[in-house]
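Throughout, residue positions are numbered sequentially from 1 according to the sequence presented. In each ligand, atom 1 is the first atom listed, and ligand 1 is the first ligand listed.
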Amino acid sequence: MSLGQSTLLGIGLLLTGIVIVLLVRALLRFAQASNARLPAELEQRVAERTAELVREKHNTETLLRVLSEVSASLDLDQALNRTLALLNEVIGAERGSILLINTEDNTIHYRAGYGSLMPSTTGSTKPTVLKMGEGLAGWVIKNRQAVLITDVRKDKRWLELPVKFPYQRSVIAAPLVVGEEVIGVIMVFHRTVGYFTPENMNMVRAIGSQVAVAINNAQLYELIHDQADHLGSMLRSQQVEASRQQAILEAVADGVLVTDANNEINFINSSTERILGLKAEMTLGQSLDNFIGLFGKATQTWTQTIRAWSEAPASYQPGDTYAEQVTLENEHIILVHLAPVIWRNEFLGTVSIFRDITHEVEVDRLKSEFVATVSHELRTPMTSIKGYVDLLLMGAAGALNENQTHFLEIVSSNTERLSILVNDLLDISRMEAGRVSLSLQPLDLREIAESVMGEVARHSKVEKRAMDLKLDAPPDLPRVYGDLERVHQILNNLLDNAYRYTPEKGHLTVHLKKVEVEVQVDVIDNGVGIAPKDQDRIFERFFRGENPLVLATPGTGLGLPIVKQLVNMHKGRIWMKSTGIAGEGSTFSFTLPLYLAKE
Ligand code: ADP
């Protein structure tokens with residue numbers, strides 16, 4: 001190595017040494033300086049963090065207080081006021097308000113407020129009502145966002161209301177959100193510009209969500225409360241109505257028995273207890289079937305109808321009712337009316353009404369008995385009067401002059417009328433008193449019809465009143481089951497009417513045919529007919545109508561009632577048809593059960 005080279009190396013080393021010394025120095029100085037700053041910064045950060053923690057603690061405590069405040073109270077107004085008071089206290093606001101959406105008219109209503117910042121307008125201010133989207137509250141609700149405004153006078157969203165809160169400058173507004181729904185807005189105010197911090201806004205937002213839940217709960221509570229109230233009053237009025245109806249049903253003299261859809265008895269009144277000899281406590285909740293035996297065979301149709309309706313409610317046709325007169329085993333006669341209870345197409349059960357008509361039936365029977373006795377007693381003198389008048393007319397007591405003959409003929413014809421009346425009266429009253437019994441046997445209706453028509457033909461010959469008579473019957477007509485004499489009487493009465501109420505040269509037809517388990521007899525004429533207005537009354541006792549031909553013909557108005565009674569006794573049916581137009585006549589029809597059906 002040369003001297004020059006070693007000198008250069010020496011200088012280089014020297015310089016390197018100087019640089020290192022300088023660097024170490026600088027480092028040392030830096031280290032000293034850092035050592036002095038480090039504790040101060042740390043302290044500050046610790047202090048800041050501590051303050052932050054205190055604030056967080058304070059905030060958490062506030063939230064907790066708000067939470068317990070709003071959830072503990074069911075009085076929403078009180079809870080909201082307390083919350084706003086706490087909020088004001090925590091963030092130093094001068095006033096807090098809550099506005100809620102009214103879903104009925106879609107507006108925003110002032111709901112609660114707390115704090116002073118308000119001019120002395122007490123009493124004169126109407127509560128704030130805003131349209132949706134209107135003002136700052138409207139904006140917050142619409143945008144679902146909280147806002148912090150340093151000076152409301154510089155914010156276009158702020159709606160300066162004429163009297164209310166003219167002093168506020170700083171505002172925080174946060175939406176009240178429940179789930180997806182915004183239900184209102186919470187706002188705090190201060191008169192100083194830029195008073196609130198973002199941290200305050202977080203606080204208002206957090207409290208807002210608690211308040212929203214509380215309001216929602218309170219509204220739910222109110223709704224449930226209202227509903228419960230409503231249901232309660234409905235229940236009360238229904239109970240009152242039910243008791244009232246029960247009292248009415250209890251008070252009626254008729255027996256009332258109600259069964260439900262399962263055929264179980266769920267109401268009987270005291271009259272039913274008396275009439276049917278039942279005890280309510282033993283029958284309620286029991287199936288009606290358990291009591292059939294008690295009422296005897298007579299009530300079978302009644303109980304069967306109830307069972308049929310409860311088993312197949314669809315079988316019930318609107319208008320179907322059931323009414324029957326039954327004789328109980330204790331000889332009491334009861335009228336039973338039965339109707340189903342149907343509500344909105346649903347079968348709810350049946351109502352049966354019982355009336356004890358034993359007394360009425362007895363009175364009726366006594367009346368018929370009386371008429372029967374009187375008619376019977378009248379028959380004997382009548383026969384004798386008639387006999388002697390006939391004798392006189394025959395000249396048995398000497399020759400009669402013309403006048404005497406004429407007078408006696410009048411006596412004779414009136415006696416004849418009287419005797420028909422007495423006989424008819426006797427007949428119907430004995431039937432009604434239950435004193436006529438039928439001696440049933442197989443009958444050939446064609447034979448009976450031929451015989452009756454023969455009588456009418458003779459009559460027509462004697463009276464010289466020509467009439468065309470026709471019998472229309474199939475050769476294989478089955479026999480019916482009836483009382484020969486009475487069936488003869490039925491047909492005779494109907495054909496006699498047809499003959500008498502058809503002008504000369506009319507046509508009378510008797511038509512016989514088998515219809516299911518009966519033979520139907522139609523007696524058809526082309527006489528004067530029966531006016532529609534009279535047709536309902538034609539089977540009433542003593543009804544004769546106003547047709548001149550009828551009035552000119554002697555009659556009692558008892559023929560058809562007797563016929564009807566006799567047909568009913570045979571378990572047949574009777575009806576009539578007529579247009580009421582003279583010349584179109586009438587058709588009287590009745591049925592008698594087939595003999596085979598009886599076997
Ligand atoms: P009566 O014949 O004695 O008057 P009915 O009881 O037999 O009593 O008949 C009652 C009324 O019915 C008669 O008065 C008559 O007005 C009417 N009537 C019955 N049958 C006929 C008929 N075939 N044609 C027209 N009217 C009739």
Side-chain angles (χ1 to χ4, degrees), residues 368 371 375 378 382 413-432 436 449 452-453 455-457 459-460 463 465-472 486-512 520-569 572-591:
S368 304
V371 177
S375 331
L378 280 174
M382 200 83 70
S413 97
N414 279 295
T415 317
E416 178 67 26
R417 286 176 83 153
L418 215 56
S419 112
I420 295 173
L421 176 64
V422 168
N423 277 334
D424 280 356
L425 268 178
L426 183 63
D427 229 8
I428 196 152
S429 50
R430 282 176 58 201
M431 276 181 220
E432 284 175 354
V436 171
V452 174
M453 291 177 90
E455 281 167 40
V456 175
H459 216 122
S460 128
E463 286 189 347
R465 210 168 157 262
M467 202 62 74
D468 172 40
L469 288 157
K470 197 173 130 210
L471 175 63
D472 179 10
R486 294 303 186 177
V487 173
H488 195 282
Q489 188 182 357
I490 296 170
L491 210 55
N492 188 54
N493 257 330
L494 294 179
L495 208 60
D496 190 50
N497 278 349
Y499 167 75
R500 287 188 293 150
Y501 305 132
T502 302
E504 209 178 341
K505 295 196 181 113
H507 301 279
L508 311 183
T509 309
V510 174
H511 187 83
L512 306 175
Q520 180 176 327
V521 183
D522 302 314
V523 179
I524 309 159
D525 66 56
N526 65 342
V528 294
I530 298 165
K533 71 170 172 51
D534 290 341
Q535 292 181 4
D536 278 349
R537 303 190 56 201
I538 213 79
F539 293 101
E540 277 177 20
R541 274 179 268 178
F542 304 110
F543 182 81
R544 297 212 67 211
E546 285 154 9
N547 190 288
L549 180 60
V550 173
L551 294 180
T553 315
T556 59
L558 285 172
L560 288 179
I562 291 173
V563 166
K564 185 174 180 186
Q565 189 87 26
L566 287 172
V567 171
N568 288 343
M569 282 166 70
R573 294 167 295 122
I574 180 160
W575 67 97
M576 59 81 48
K577 277 186 192 144
S578 174
T579 55
I581 300 168
E584 290 190 5
S586 352
T587 300
F588 280 81
S589 309
F590 68 95
T591 61

**Prompt:** Does any non-hydrogen side-chain atom of Leu558 lie less than 4.5 Å from one of Leu421?
**Reply:**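 Yes, close enough: below the 4.5 Å cut-off.
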
**Asked** Within a strict 4.5 Å, meaning less than it, do heavy atoms of the Asn547 and Asp534 side chains meet?
**Response**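 No, their side chains stay 4.5 Å or more apart.
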
**Asked** Aromatic rings Phe588 and Phe539: how do their planes relate, parallel, tilted or perpendicular, breaks at 30° and 60°?
**Response**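 Judged by the thresholds at 30° and 60°, the geometry between Phe588 and Phe539 is perpendicular.
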
**Charged N-O contact under 4.0 Å between Arg486 and Asp427** =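 A salt bridge is present here (some side-chain N lies under 4.0 Å from a carboxylate O).
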
**Asked** Of all residues at least two apart in sequence or in a different chain, which pass the side-chain contact (heavy atoms from CB on, under 4.5 Å) check with Arg573?
**Response**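 For Arg573 the side-chain contact (heavy atoms from CB on, under 4.5 Å) partners, ignoring immediate neighbours, are Glu518, Trp575, Thr591.
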
**Request:** Considering non-hydrogen atoms only, spot the tightest contact between Ala449 and Leu512 and give its length.
**Result:**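 Between these two residues, the closest heavy atoms are CB-CD1, 4.5 Å.
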
**Request:** Tell me the residues surrounding ligand 1, counting only those with a heavy atom closer than 4.0 angstrom, sorted by chain and number.
**Result:**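 Residues within 4.0 Å of ligand 1: Asn497, Ala498, Arg500, Tyr501, Asp525, Val528, Gly529, Ile530, Ile538, Phe543, Arg544, Val550, Gly555, Thr556, Gly557, Leu558, Gly559, Leu560, Pro561, Ser586, Phe588.
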
